[in-house]
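Sequence lines set the chain letters: A, B, ... in the order given, protein chains first and strands last, and positions in each chain run from 1. Below, all heavy atoms of this structure are taken into account, side chains as well, without hydrogens, waters or symmetry copies.
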Number of protein chains: 2
Amino acid sequence: MALRHAVLAALLDGEYSGYQLAKAFDVGVANFWHAASQQLYAELAKLESEGLVTGRQVVQKTRPDKRLFRVTDAGLAELERFGAAASKPSFIRDELLVKVHAADSIDGGSLIEQLQERAAVAEAKTEFLGGLLRQLRGEVDEAEFLRRGERIGPYLTCLRGLSFERDHRDWCVRIAAVLRERQGIHAGR
Amino acid sequence: MALRHAVLAALLDGEYSGYQLAKAFDVGVANFWHAASQQLYAELAKLESEGLVTGRQVVQKTRPDKRLFRVTDAGLAELERFGAAASKPSFIRDELLVKVHAADSIDGGSLIEQLQERAAVAEAKTEFLGGLLRQLRGEVDEAEFLRRGERIGPYLTCLRGLSFERDHRDWCVRIAAVLRERQGIHAGR
DNA sequence: GCATCCTAGTCAAGAAAATGACTAATCACA
DNA sequence: TGTGATTAGTCATTTTCTTGACTAGGATGC
């Protein structure tokens, strides 16, 4: 009963097909929620049967037909209700961190590689989110956009994502350096 | 097939009962993995049946008896194998962020309150993790500890947790301020 | 001219995780 | 003297997630 609200929140940006929604969950929404496309199709069907979203068929010539969904008034009411209720505490789940926690018992070389790779991914995502933010705010500067923009929700969560990715990148780089130095010390004995 | 490695990594710190493990998953391990105590008991039973951990009964007078677990050589080998394999991408899941994404459609007052509350929690966790780090490194300074400490894995993941919480707190404070200012603008019209 | 990618989904099986209830003794507090 | 917290778990059910396979046509690249 939680994915549904992430879907509703994502659909506020406009009409989406399940496929497009899955894309959104790979980029902006990924800053706070992850879901596979099959889950999204299933959730959309459930939301539709409950009347929280409506879909309309769009026939396409060069592409398979699709169904575009948007949030209904009942969906908005449900979001409103959700917004007022208590939130579950957030959680992270990260296998790379599990490995680092076990760093003293596993192969350092491989770990360093993975940290560098992850740092590169985080760096790429940092740049991507930077671009996305520029796109979302358009011509105006950030402070002005945040004061008077019409749809700032996605912007705010992207800000969080950007900060997270930067921070994560820095940590990865630093930890890789720490592990490299320790390898040098061990090799030098 | 993922919780098992988090459990193995956590058990590297020494012998733990299921109950103690659950505590660890609420503090240090929470920086990268979340699990309910029931899951941990179940996972420990599975790991034991596969020979990756061994448990020994400890009879207590004033407390219920408990079973302390430690990682076996087979468990270490499994961790080693896990360390060399590719990691799944990490994911965050945060209902508060879902709400912020939908900020334009839900009640601002409640959201601001929740952001402030979350900021306070993050602040408390920041302080807690700071203390934990001091405790982990003992008398030596950080650079020295990271160069020559014996068990740095938990320290490194706590560093990540600390950074995350600080960052999260700052974001919460800032977003609450942004939403407050927007409320002022609306009220002023 | 063939291979692969992209759009746009659907289906089913099985693993993993979340939830809620329950036991039972001890200790701290008021 | 009783209320609640702490230690130390167990059991069962439901929900959610993951994985892999499958359809099908058009676009793109080599």
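In this structure, A:Arg56 places its CZ atom 13 Å from P of C:dA8, rounding to the nearest Å. At whole-Å resolution of the value, CG in A:Leu40 and P in C:dA8 are 15 Å apart. Distance, A:Glu43 CD to C:dG9 P: 16 Å, rounded to whole Å. B:Lys66 has its NZ atom 19 Å from the P atom of C:dA25, to the nearest Å. Per the geometry, CG belonging to A:Leu21 stands 15 Å off P belonging to C:dT7, to the nearest Å. One atom, NZ of A:Lys46, and another, C1' of C:dT10, lie 17 Å apart when rounded to the nearest Å. C:dA17 atom C1' lies 15 Å from atom NE2 of A:His34, rounded to whole Å. In this structure, B:Leu3 atom CG and D:dT18 atom C1' are separated by 15 Å, rounded to whole Å.
Here B:Lys88 does not reach the OP1 or OP2 of D:dT18: none of its side-chain N or O atoms lies under 4.0 Å away. Not one side-chain nitrogen or oxygen of B:Lys61 sits closer than 4.0 Å to the OP1 or OP2 atom of C:dA25. Not one side-chain nitrogen or oxygen of B:Ser37 sits closer than 4.0 Å to the OP1 or OP2 atom of D:dG9. Phosphate contact (OP1/OP2 of D:dT7, side-chain N/O of B:Tyr19, threshold under 4.0 Å): present. Between C:dG9 and A:Lys23, no contact under 4.0 Å exists linking OP1 or OP2 to a side-chain N or O.
A:His101 and B:Phe32 have tilted rings, their planes meeting at an angle from 30° to 60° on a 0 to 90° scale.
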Next item on the list: Verify salt bridge (Lys or Arg N to Asp or Glu O under 4.0 Å) between B:Arg174 and B:Glu181, making sure each step is shown before the conclusion.
Entry: CA-CA 11 Å; B:Arg174 183 179 173 204; B:Glu181 204 192 329; over 6 Å; no
Notebook entry, point to check: Are A:Arg148 and A:Glu144 close enough, and set up right, to give a salt bridge (Lys or Arg N to Asp or Glu O under 4.0 Å), and what steps lead you there?
Noted result: CA-CA 6 Å; A:Arg148 299 187 216 283; A:Glu144 179 60 19; 3.2 Å; yes
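Mapping A:Pro64 and A:Ala36 onto DNA chain D by nearest heavy atom places A:Ala36 at the nucleotide closer to the 5' end. When the nearest nucleotides of DNA chain D are assigned to B:Ser17 and A:Ala2 by heavy-atom distance, the more 5′-ward of the two goes with B:Ser17. Position along DNA chain C of the nearest nucleotide to A:Asp65 versus B:Thr62 favours A:Asp65 as the more 5'-ward residue.
At least one side-chain heavy atom of B:Trp171 sits under 4.5 Å from a side-chain heavy atom of B:Val100.
Here the nucleotide nearest the side chain of A:Gln38, chosen from D:dA8, D:dG25, C:dT10, is C:dT10. When distances are taken from the side chain of A:Tyr41 to each of D:dA27, C:dA16, C:dT10, the shortest belongs to C:dT10. The B:Gln39 side chain lies nearest to C:dA17 when the options are C:dG9, C:dA17, C:dA25. Here C:dC27 is the nucleotide among C:dC27, C:dA17, C:dG9 with the atom lying nearest to any side-chain atom of B:Arg63.
For CZ of B:Arg137, the number of neighbouring non-hydrogen atoms (other residues, nucleotides, ligands) closer than 6.0 Å is greater than 12.
Here A:Arg93 lies in heavy-atom contact (under 4.0 Å) with sugar-phosphate atoms only.
Judged by atom type and distance alone, A:Gln60 does not reach the base of D:dG26 through any side-chain donor-acceptor pair under 3.5 Å.
Distance check, rounded to the nearest 0.5 Å: CG of A:Leu129 to SG of A:Cys158 gives 5.5 Å.
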